[in-house]
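Accompanying notes for the structure given below.
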Amino acid sequence: AAGDTLVGVSQRLVRFRRHEATATRASERSLRRYEEELQLLAELNARVPSAHPFRPLENNLLADFVARLSAGDRNGAAALLAFARERMPRFAYAALMAAALHGGRAGGRLLQAVQAAYLRASRGREVRP
């Protein structure tokens, strides 16, 4: 709101460990985390309009979808896709996620490999969300 610009970077700036007992995992399972993020991004966009206000959430949903599906959590991945379709009608990755979901765990692993290749290719460059 003060005129600053937020951008994504390809470098890992923080290291953390995620496990099933964390509060973050509980809010992800209930989808509350994504609802809160959607609300925050809508509020930010109302203050400072953006061409792609929900791109950070889209990227988070896709990354979490890939992690769940490649780990064999098809129901969790399907819940993320349903959330995205319901709450974000112009969700950019819906078709991709639906195709991967159809492929099950193998579809998730394929997306995981694509994600890793993209991250390797983007190292050292600024990556805008």
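The line from CG of L31 to CG of D64 is 10.5 Å long, rounded to the nearest 0.5 Å. In this structure, CD in E36 is found 11.5 Å from CG in L57, a value given to the nearest 0.5 Å. Taken from CG in L40 to CG in N45, the straight-line distance is 11.0 Å, to the nearest 0.5 Å.
Without hydrogens or angle criteria, R74 side chain to R105 main chain gives no donor-acceptor distance under 3.5 Å.
Note on R55 versus E58: salt bridge recorded, some NZ/NE/NH1/NH2 to OD/OE distance being below 4.0 Å. Ion pairing between E43 and R47 fails under the 4.0 Å rule for side-chain N and carboxylate O.
Two residues are said to be in side-chain contact when any heavy atoms from C-beta on lie closer than 4.5 Å; F65 and L101 meet this criterion. Side-chain contact between P53 and L41: absent, with no pair of heavy atoms (C-beta onward) separated by less than 4.5 Å. Using a 4.5 Å heavy-atom threshold, the side chains of Q115 and L111 count as separate. Proximity of L80 to L62: side-chain heavy atoms (C-beta onward) are nowhere separated by under 4.5 Å. No side-chain heavy atom of Y93 sits under 4.5 Å from any side-chain heavy atom of L61. For the pair M97 and F91, the minimum side-chain heavy-atom distance is below 4.5 Å.
Closest of all the heavy-atom pairs between A100 and L69 is O-CD2, 3.4 Å. Looking at every heavy atom in both residues, A98 comes nearest to R85 through CB-NH2, 3.3 Å.
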